[in-house]
Amino acid sequence: MPVRAMSQDAVSANQYVPQSFEARHRVRWEEAGLHKAKGPASGKPKYYVLDMFPYPSGSGLHVGHALGYVGTDIVSRKKRMEGFDVLHPMGWDAFGLPAEQYAIQTGRHPRSTTDENTANFRRQLQNIGLSYDWSREIDTSHASYYKHTQKLFKVLYEQGLAYRAEVPVWWCEELKTVLANEEVINGRSERGNYPCVRRPLKQWMLKITAYADRLLADLELLDWPESIKVQQREWIGRSEGASVRFRLEAGGEVEVYTTRPDTLWGATFMVLAPEHPLVAQLTTPAQRAAVEAYALAAKSKSELERTELAKDKTGVATGAYALNPLLDPNDPRARIPIWIADYVLWGYGTGAIMAVPGHDERDFEFAQKFGLAVREVVRPPQGTKGLADGECFSGEGTALHSGPLDGLTTSAAKAKAIELLVAQGCGAKKVTYKLRDWLFSRQRYWGEPFPLIHLEDGTVVLLPDDALPVLLPDMDDFKPSQDGSAPLARAKEWVETRDPRTGATARRDTDTMPGWAGSCWYWLRFMDTANTAQPFSAEAETYWGPVDLYVGGASHAVMHLLYARFWHKVFYDAGLVHTKEPFQKLFNQGMVTAYAYEDATGRLVASDEVETKGEAWVRKGTGEPLQQIVTKMAKSLKNVVNPDDIIAEYGCDTFRLYEMFMGPLADSKPWNTRDIPGCRRFLERLWRVCVDEKSTDSVRPNLLTATTGELQGESLQLERSLAKALVRVEESFTHFNFNVAIAAFMSFVNDATKAPQAVTRSQAQRLLAALSPFAPHIAEELWQRLGADGLCAAQAWPKPDMRYAVDDEIDLPVQVNGKLRATPKAPKDADKAGLEAVARAAVAAHLEGKEILKVVIVPGRLVNFVIKG
RNA sequence: GAGGGAAUGGCGGAACAGGCAGACGCAUCGGACUUAAAAUCCGAAGCCGCAAGGCAUGGGGGUUCGAUCCCCCCUUCCCUCACCA
């Protein structure tokens with residue numbers, strides 16, 4: 001429903017019709033090169049504002065995606081007005097599974113669908129009036145880009161960080177590809193939610209674990225949300241402990257990892273992961289059948305089953321025994337049974353643990369279930385429950401029943417235990433990480449080919465830079481083969497090649513890089529997109545790096561941000577970049593949610609099948625009552641809102657304002673189309689403050705000439721109002737709560753609406769300049785109508801005049817016993833005595849005949865009388 | 001289970017980070033303009049109460065002259081990780 005009926009005469013030259021000028025001003029900005037990043041020659045300080053670039057999906061952008069983009073656009077525009085050389089680019093993370101899945105279903109080449117999708121994204125972004133430097137647009141799936149991705153992979157390879165290994169990998173039968181650990185959730189693919197199984201396959205791996213410590217430590221250098229840092233720390237999962245070698249009674253030994261070496265005297269059994277290679281050797285004949293059955297069952301269990309059944313421990317004894325290395329072999333406590341159980345993970349530590357049921361919840365549960373011994377070796381602090389109360393105590397306390405450790409605190413006991421282990425030659429201090437090396441190959445078509453060849457003798461040879469890019473061969477069938485080999489294996493002519501240096505016959509690698517590869521360095525490419533010879537020049541990197549502000553969703557907390565940091569650090573070591581970290585400040589925009597509706601059974605009902613009935617919502621036709629809920633925007637819920645539709649109806653500036661007016665950028669908040677007209681009305685009021693719609697003048701006459709002399713009367717009042725608004729606008733940039741800035745603009749315009757003839761030309765100019773990052777088109781249009789010099793978007797950022805930001809008189813809240821009783825006027829800078837006098841007079845009735853115990857006076861704030869009774 | 005974040009009118013949200021709770025906007029109601037409506041403008045409005053006044057920032061306690069803000073306990077919601085020895 002349009003805001004107003006657009007009859008022919010309504011579209012007069014003097015009404016606010018954004019569609020009539022928004023596109024025109026975009027052309028003017030473009031022609032002025034306003035959004036072009038100039039680079040080192042600009043002579044200006046730089047500012048690099050980056051959005052997490054999108055995967056160009058077929059469904060296009062919705063209003064939630066636009067949130068962060070509008071936010072960074074406002075920052076970029078303001079920074080330019082403040083005299084910075086701003087780099088604010090956009091591009092496409094265009095390799096990836098969905099395009100390929102779509103290609104398999106429809107037979108359309110991913111190249112053409114990707115091009116269509118990026119064209120649509122670009123059109124949508126431009127429609128929002130975002131001030132990207134489009135001359136720097138990149139597409140990770142173009143050879144001109146992935147040529148450099150291949151070069152940078154070589155850097156990793158040359159640093160010894162890329163290797164091939166036969167590893168058990170997640171295989172997704174439906175997608176016919178391997179997936180990285182983090183792409184599999186509870187045994188199902190993150191994308192598509194298909195079941196996955198573990199399978200051994202020879203794969204490319206990147207040694208991210210070599211950087212674990214630095215990835216952890218350098219988080220301290222970053223201005224990032226604490227929650228993201230926490231997630232990264234947990235993902236890296238550093239723990240300090242000890243490796244301990246237990247001798248086997250039957251010969252040989254098993255190494256375990258523990259973070260509690262101080263509890264060694266409390267180890268009453270040992271548990272190996274079912275996949276542990278020693279299991280087969282050490283199992284006694286009597287137990288062999290049971291152990292093999294258990295191991296087989298564990299293997300076929302999905303990760304989901306293994307975790308869902310977490311509460312119920314399972315396991316089988318192997319019949320073998322190990323000897324505690326720090327106890328006398330004749331001590332009956334030294335001999336402990338070895339079990340296998342799937343609560344011990346083969347992928348972490350050594351895949352074997354010493355179980356201390358007295359002081360580890362999981363071991364305790366296992367011991368309870370299988371009737372194994374429990375021994376107390378840590379006394380809990382006073383008042384904490386422990387084994388004496390029938391509970392497991394896993395905290396820190398004092399060692400007991402532990403020979404030489406007795407009486408030591410947990411931390412001292414740990415150190416002592418390690419000392420003893422080292423002295424005995426059966427253990428050492430050890431640091432362990434949850435982070436694993438990164439599985440870096442996929443059996444897919446739509447990704448970067450590896451820049452290397454395999455010789456007949458199995459040697460891997462990197463291709464020289466002049467042999468790059470290794471182009472993706474043109475294919476029309478992208479299906480993976482039944483045996484799991486990659487589609488590229490079918491491009492026989494492509495696969496069979498020669499070593500460019502020796503001419504020896506060779507085969508290309510038929511795997512491609514994962515979807516993350518392109519985004520592991522794209523912020524560097526943006527610095528120097530015209531460079532065809534190198535990924536980026538040292539000169540460009542020195543000037544632009546690091547990214548000053550990086551904005552995107554919190555969903556990339558771990559994977560993208562960890563991978564990107566890893567590559568950046570490798571480049572740092574290789575001397576390619578001058579900063580240790582790529583993204584100095586990170587900001588997560590909140591999620592835009594939307595209303596959805598569910599019926600009595602909790603089933604979702606599409607928004608277009610819902611209508612309001614009084615205060616309630618009902619299903620169209622049937623009148624069945626529905627419940628309104630707030631969820632994420634999703635196609636399946638039919639509650640997705642497309643920015644194109646909003647812009648067509650209300651104009652781009654209204655759309656931008658509403659996106660920001662909803663709430664602070666970081667918050668998650670519901671989209672409510674009903675609220676949009678409020679932002680549109682604000683712009684119309686602003687328009688009428690500047691333009692008399694009934695006349696044919698381009699602006700009101702009072703705005704045509706500069707006011708001279710002291711401001712008086714309404715003009716002075718408006719000056720105060722403007723100064724206050726500008727203060728709030730300025731403050732909104734520290735927390736990205738632009739909703740407050742917009743509210744401040746509204747307040748000023750409301751004031752100005754009451755006396756439009758009192759607005760001075762200077763006030764109008766400062767207002768428009770300050771508004772222009774938020775609503776750039778109307779600001780530019782009115783600027784032009786004012787006949788002011790240059791582009792509004794190129795003006796210096798207006799600073800508030802603090803002389804006008806405070807009123808001469810304040811409303812002084814006067815409380816009696818903390819309750820507000822009056823708010824008389826008081827001079828702004830009255831002293832305590834003056835304030836008390838004003839206050840006493842104002843609440844004389846309340847003080848009558850009462851004993852005043854205390855008077856609290858906060859200058860500029862309030863007065864509080866504390867009275868008796 | 002662990003960690004992180006949050007809870008303020010009918011709704012989205014403000015509030016110098018201890019000092020007038022509810023800015024700004026939506027929805028609502030009244031008035032002006034209009035033949036009428038839309039649009040616009042002016043105004044009302046947290047809740048209870050005719051009023052005086054009382055009650056109010058998820059619930060309960062505490063510190064303070066004064067608490068949305070600080071401390072303790074509890075409830076609910078969102079996000080992340082989830083047997084990591």
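Protein chains get the first letters and strands the later ones, always in sequence-line order, with residue 1 at the start of each.
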For the residue pair A/Lys313 and A/Phe366, would you count it as a cation-pi contact if the rule is NZ or CZ under 6.0 angstrom from the ring centre and within 45 degrees of the ring axis? no
Which sits closer to the 5' end of RNA chain B, A/Val740 or A/Ser227, going by the nucleotide each is nearest to? A/Ser227
Report which part of the nucleic acid A/Arg685 touches: base, sugar-phosphate, or nothing (heavy-atom distance under 4.0 Å, all strands). sugar-phosphate
Rounded to whole angstroms, how far apart are NZ on A/Lys754 and P on B/C42? 6 Å
Measuring from the side chain of A/Thr259 (C-beta onward, heavy atoms only), which nucleotide among B/A85, B/G13, B/C20 has the closest atom? B/A85
Are the ring centres of A/Phe738 and A/Phe733 closer than 6.0 Å? yes
Between P on B/C83 and NE2 on A/His359, what's the gap in Å once rounded to a whole number? 23 Å
Assigned glycosidic conformation for B/G9 [threshold 90° from 0]: syn
Which is true for A/Val230 with a 4.0 Å heavy-atom rule: it touches a base, it touches only sugar-phosphate, or it touches nothing? sugar-phosphate
At what distance, to the nearest 0.5 angstrom, does OG1 of A/Thr258 lie from CE of A/Met354? 4.0 Å
Contact class for A/Thr432 (heavy atom, under 4.0 Å): base, sugar-phosphate, or nothing? nothing
Atom pair CG (A/Leu215) and CG (A/Leu561), whose distance is rounded to the nearest 0.5 Å: 11.5 Å
Parallel, tilted or perpendicular: ring planes of A/Tyr563 versus A/Trp438, cut at 30 and 60 degrees: parallel
Using a distance-only criterion (donor-acceptor N/O pair, under 3.5 Å, no hydrogens), is the base of B/C65 paired with the side chain of A/Asn864? yes
Opposite nucleotide pairing with B/A23, Watson-Crick or G-U, both atom distances under 3.5 Å: none
Upstream residue (5' side of RNA chain B) when A/Asp360 and A/Leu862 are each assigned their closest nucleotide: A/Leu862
Indicate whether OP1 or OP2 belonging to B/A14 is found under 4.0 Å from a side-chain N or O atom of A/Asn739. yes
Distance between P atoms of B/A36 and B/G49 (Å, rounded): 36 Å
Ignoring backbone atoms, establish whether A/Arg681 has a side-chain N or O less than 4.0 Å from OP1 or OP2 of B/A27. yes
Quick one: is B/A85 close enough that its OP1 or OP2 comes under 4.0 Å of any side-chain N or O from A/Tyr348? yes
Using atom C1' of each nucleotide, how far apart are B/G22 and B/C72 to the nearest Å? 28 Å
Pick base, sugar-phosphate or nothing for A/Ser668, based on heavy-atom distances below 4.0 Å to the nucleic acid. sugar-phosphate
Less than 4.0 angstrom between a side-chain N/O of A/Asn750 and OP1 or OP2 of B/G25, yes or no? yes
